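Reading through the structure tokens given below for one structure.
A quick note: this is a predicted structure, and the numbers were derived from the prediction, not measured. Protein chains get the first letters and strands the later ones, always in sequence-line order, with residue 1 at the start of each.
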Amino acid sequence: MEPTRDVETRDFIRRFVAEDLAAGKNECRVHTRWPPEPNGYIHIGHGMSILLSYSIAQEFGGKFNLRFDDTNPVAEETEFVEAIQRDVAWLGANWEDRLFFASGYFEQLYQWAEHLIREGKAYVCDLTAEQISEYRGTAVRDGDRMVTPPGNDSPFRNRSVEENLDLFHRMRAGEFPDGSKTLRAKIDMMHPNLNMRDPVLYRILHVDHHRTGSTWCIYPTYDWTHGQSDAIEGITHSLCTLEFENHRPLYDWFLDNLPVPHRPRQIEFGAVGISYTVMSKRYLKQLVAGHYVSGWDDPRLPTVAGLRRRGVTPEAIQAFVKGIGVTKSEGMIEMAYLEHHIRQDLNKASARVMAVLNPLKVVITNYDEGTSEALEAVNNPEDPSAGVRSVPFSRELYIEREDFMEDPPKKFYRLSPGSEVRLRYAYFIRCEDVIKDEDGNILELHCTYDPATRGGDAPDGRKVKATLHWVSAPDALQIETRLYDHLFSVENPLSPPDGKTWLDTLNPESLEVRSNCWIEPSVADAAIGSRFQFERLGYFCLDADSTPEKLVFNRTATLRDSWLKAQQKAD
RNA sequence: UAGGGCGUAGCCAAGCGGCAAGGCAGCGGCCUUUGGCGCCGUGAUCGAAGGUUCGAAUCCUUCCGCCCUAACCA
């Protein structure tokens, strides 16, 4: 393969890859991978690394693997293996036929462990987890400061090759109970990097694995598995987040001391968070397990499944990720930045439709009772090819309650007593009368329309300041809408205000369900997952909870609302 | 404490010794049959202090702040 030219080297990783290519490394191949542990659903932070590894492979004409890092059977499940594949594919990363499992390399890893033992570079250790920690020189608290004692060799460090081989075989054979022995690399107990102080390679776990069943009772650790898996698959650039930077010397040590078929390179980048949400599996798990949300795919969650259900497109996520860039600094992206890319994509791609979420009845008193007509509406002003549709109009309509004010402030140019507005694609109407109940609550509006303004233009050239969306009451479908807001009420829930926990910062108004909403009939047969822009309101997506009798829409994002903003400023 | 990493406008981010890109947010305006979209305008001397240099965000020194690791998790 020729080194790829003209690739945009817009970040330090692409620069490294380009340099490696220019230097003729890896037979001029580029091959990346994404290595999830199947112990939960993936979130948009994972999405960033998936898309980073995948797009680099794409740009350099290389390949991309999906490999499950399934070395800890205690936490891993097939359900997650399936969910992760679904989510990675949906995001747009294509591993073609290269779906792998680290568990598929268990036998090879075992052979390489024996190799290390024979070389005198690994030994079976009988220390307990706690003792290993002590011998390693784990930092201890001394008053208000931490002290790091030096490391000490394990008393089992100098067992003979024969004894180690024998014990290791018997570990595999199941002769020893969980936790009683480990296989450790013999590196350097004085090494400044604690990862190099004789790391554990194998631990005993009499637990069934979701793929290998009861074949094994010893399982390799992450460090012992990762680089070798990369080597087996011919991975050239192994991208991971910054917390693994400390592990790179160990990653390299294994590759240097084993007869591996290939030499991959690990490169670390900074992961970013998003404001008003949490992004670690641990916290997401708690939210799901504690029923703070409806499940892994709750539309308020930053999980890929949640974003998908909410109506976010993969294209929006791809643009978002590309927009953030890649660096070694770990930042906090504002949720507004994600929302911007969601709107940007949906604005171009989604069909417009009219729906009323907080209905106020309007009677057009000079429109003939019992008649109706079909008006033509544009499906997407951003995309002429989306065509037009017809929308029924009749004597009784619903408009948004927020679009009428009896006693309007200065810059309110929607409907008010005596004022004239345009109903989108329909007519100009004027409010003649406000009908109230005994308590003064507004029940309905009586308006007149101007037949000459059909379609929304006045032949006499008179202007109107506002255009309102509406639906025809007898024709509209009643729907449920689910209006979402930030899951948390603070930017960073993980550093909550004094005396509060992160769960205390959950936003009690993150979900508002409205059951009395109305929508034009054109959406009656829309497929689950269809996305629309409800004119003047926001982007909505047809939820899987919908039935033919009752459609349910999730609000993906609101439209920007400068009137709302101006009002909030006035308050 | 040890080892590693980061520090350019509210957020993200270019820049790699020669007058500090861009995007998001904010603000002001234009346009408008979505108070949407689009368009125009608007902000920083680069964590701090020293030093090298004709010239430093970019090189050196010291300091400060934040993050990660110190599991037989990944």
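One atom, CZ of A/R531, and another, P of B/G36, lie 24 Å apart when rounded to the nearest Å. Residue A/E535 contributes atom CD, which lies 13 Å from atom P of B/G36 at whole-angstrom precision. A/R136 has its CZ atom 9 Å from the C1' atom of B/C72, to the nearest Å. Atom C1' of nucleotide B/C24 and atom CD1 of A/I342 are separated by 13 Å, given to the nearest angstrom. Nucleotide B/C24 holds its P atom 14 Å from the CZ atom of A/F320, rounded to whole Å. Between A/F244 atom CZ and B/A70 atom P there is a gap of 11 Å when expressed in whole angstrom units. Rounded to whole Å, atom P of B/G36 lies 19 Å from atom NZ of A/K348. If you take OH of A/Y222 and P of B/U69, they are 13 Å apart, rounded to a whole angstrom.
Separating the P atom of B/G15 from that of B/G28 is a span of 34 Å, rounded to the nearest Å. Taking the C1' atoms as reference points, B/C11 lies 12 Å from B/G26, given to the whole Å. Comparing B/C64 with B/A49, their C1' atoms sit 10 Å apart, to the nearest whole Å. With both ends at atom C1', the span from B/A48 to B/C66 equals 15 Å, rounded to whole Å. Rounded to whole Å, the separation between the C1' atoms of B/U53 and B/A57 comes to 16 Å. Using atom C1' as the reference point in both B/U58 and B/U52, the two lie 14 Å apart (nearest Å). Annotation: B/G43 and B/A25 have their C1' atoms spaced 12 Å apart (nearest Å). B/A74 and B/A14: their C1' atoms are spaced 33 Å apart (whole Å).
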For A/E130 and A/Y135: C-alpha separation, side-chain torsions, deciding distance, then whether side-chain hydrogen bond (donor to acceptor under 3.5 Å, both in side chains) applies. CA-CA 9 Å; A/E130 202 172 288; A/Y135 275 85; over 6 Å; no

If you apply the rule side chain to side chain contact (heavy atoms under 4.5 Å, CB included), what do you find for A/Y337 with A/F320, and how did you get there? CA-CA 7 Å; A/Y337 193 60; A/F320 169 69; 3.6 Å; yes

I'd like to know whether A/F488 forms a ring-ring contact (aromatic ring centres under 6.0 Å, His included) with A/Y276, so could you lay out the CA-CA distance, the side-chain angles of the two residues, the decisive distance to 0.1 Å, and finally the verdict. CA-CA 5 Å; A/F488 292 88; A/Y276 296 105; 9.3 Å; no

With side chain to side chain contact (heavy atoms under 4.5 Å, CB included) as the criterion, how do A/L357 and A/F553 come out once you've worked through the C-alpha distance, each side chain's angles and the decisive distance to 0.1 Å? CA-CA 11 Å; A/L357 305 191; A/F553 285 91; over 6 Å; no

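In this structure, B/G3 forms a base pair with B/C68, meeting either the Watson-Crick or the G-U wobble geometry with both donor-acceptor distances under 3.5 Å. Summarising the base pairing, B/C31 is matched to no nucleotide, lacking a Watson-Crick or G-U wobble pair whose two defining distances lie under 3.5 Å. Summarising the base pairing, B/U42 is matched to B/G26 through a Watson-Crick or G-U wobble pair whose two defining distances lie under 3.5 Å. Across all strands shown, B/G50 forms a Watson-Crick or G-U wobble pair with B/C60, both key distances being under 3.5 Å.
Base engagement by A/Y413 is indicated by at least one non-hydrogen atom pair under 4.0 Å involving a base atom. Contact annotation for A/R560: backbone-only contact, meaning every heavy-atom pair under 4.0 Å involves sugar-phosphate atoms and none involves a base. Note on A/N246: a base of the nucleic acid sits closer than 4.0 angstrom, heavy atoms only. Across all strands, A/I218 comes closer than 4.0 Å to no nucleic acid atom at all (heavy-atom distances). Residue A/T138 is classed as a sugar-phosphate contact, given heavy-atom separations below 4.0 Å to backbone atoms only. Within the 4.0 angstrom heavy-atom criterion, no nucleotide atom of any strand lies near A/L564. As judged by a 4.0 angstrom heavy-atom cut-off over every strand, A/H226 is placed among residues making no nucleic acid contact. A/G325 comes within 4.0 angstrom of no nucleic acid atom, judged by non-hydrogen atoms across all strands. Backbone-only engagement by A/T71 is indicated by non-hydrogen atom pairs under 4.0 Å involving sugar-phosphate atoms exclusively. Residue contacts for A/D223: at a heavy-atom cut-off of 4.0 Å it reaches no nucleic acid atom on any strand shown. Heavy atoms of A/S275 sit nowhere under 4.0 angstrom from any nucleic acid atom. Contacts of A/E382 with the nucleic acid, taken as non-hydrogen atoms under 4.0 Å apart, include base atoms. No engagement by A/E339 is indicated, since no non-hydrogen atom pair under 4.0 Å with the nucleic acid exists. Among the atoms of the strands shown, only primed sugar atoms or phosphate atoms (P, OP1, OP2) are found under 4.0 Å from some heavy atom of A/N72.
If you check distances only, the side chain of A/E334 does reach the base of B/G10 with a donor-acceptor pair under 3.5 Å. Side-chain N/O atoms of A/H247 and base N/O atoms of B/A74 include a donor-acceptor pair closer than 3.5 Å. Checked by distance alone, A/Q533 brings a side-chain donor or acceptor within 3.5 Å of a matching partner on the base of B/U34. Between the base of B/G10 and the side chain of A/E491 there is no donor-acceptor pair shorter than 3.5 Å.
The OH atom of A/Y110 lies 14.0 Å from the CZ atom of A/F106; values are rounded to the nearest 0.5 Å. One finds the CG atom of A/L559 at 8.0 Å from the CG atom of A/N347 (value rounded to the nearest 0.5 Å).
Taking the six-membered ring wherever Trp is involved, the centroid distance between the rings of A/F254 and A/W112 does not fall below 6.0 Å. In summary, the aromatic rings of A/F244 and A/Y222 are positioned with their centroids under 6.0 Å apart.
For A/T327, a side-chain nitrogen or oxygen approaches OP1 or OP2 of B/A13 to under 4.0 Å. Contact annotation: A/K565 side-chain N/O to B/G36 OP1/OP2 distance is not under 4.0 Å. In this model, the phosphate group of B/A21 is not approached by any side-chain N or O of A/R10 to a distance below 4.0 Å at OP1 or OP2. Residue A/K569 has a polar side-chain atom (N or O) positioned under 4.0 Å from OP1 or OP2 of B/C27. When the side-chain nitrogen and oxygen atoms of A/T225 are compared with OP1 and OP2 of B/A74, none of them lie within a distance under 4.0 Å. For B/C24, the OP1/OP2 oxygens have a side-chain nitrogen or oxygen of A/H340 closer than 4.0 Å. Within the structure, every side-chain polar atom (N or O) of A/S133 is placed at least 4.0 Å from both OP1 and OP2 of B/A70. Phosphate contact (OP1/OP2 of B/C73, side-chain N/O of A/R203, threshold under 4.0 Å): present.
Each of A/I132 and A/Y539 was assigned the nucleotide of RNA chain B with the nearest heavy atom; the assignment lying further toward the 5' end belongs to A/Y539. Mapping A/M146 and A/H341 onto RNA chain B via the closest heavy atom, the residue that lands nearer the 5' end is A/M146.
No hydrogens or angles considered: a donor-acceptor pair under 3.5 Å links the side chains of A/E268 and A/Q266.
With its glycosidic angle within 90° of 0, B/A71 is assigned syn.
Paired with A/H469 under the rule side chain to side chain donor-acceptor pair (under 3.5 Å), one option of A/E520, A/R352, A/E400 passes, and it is A/E400.
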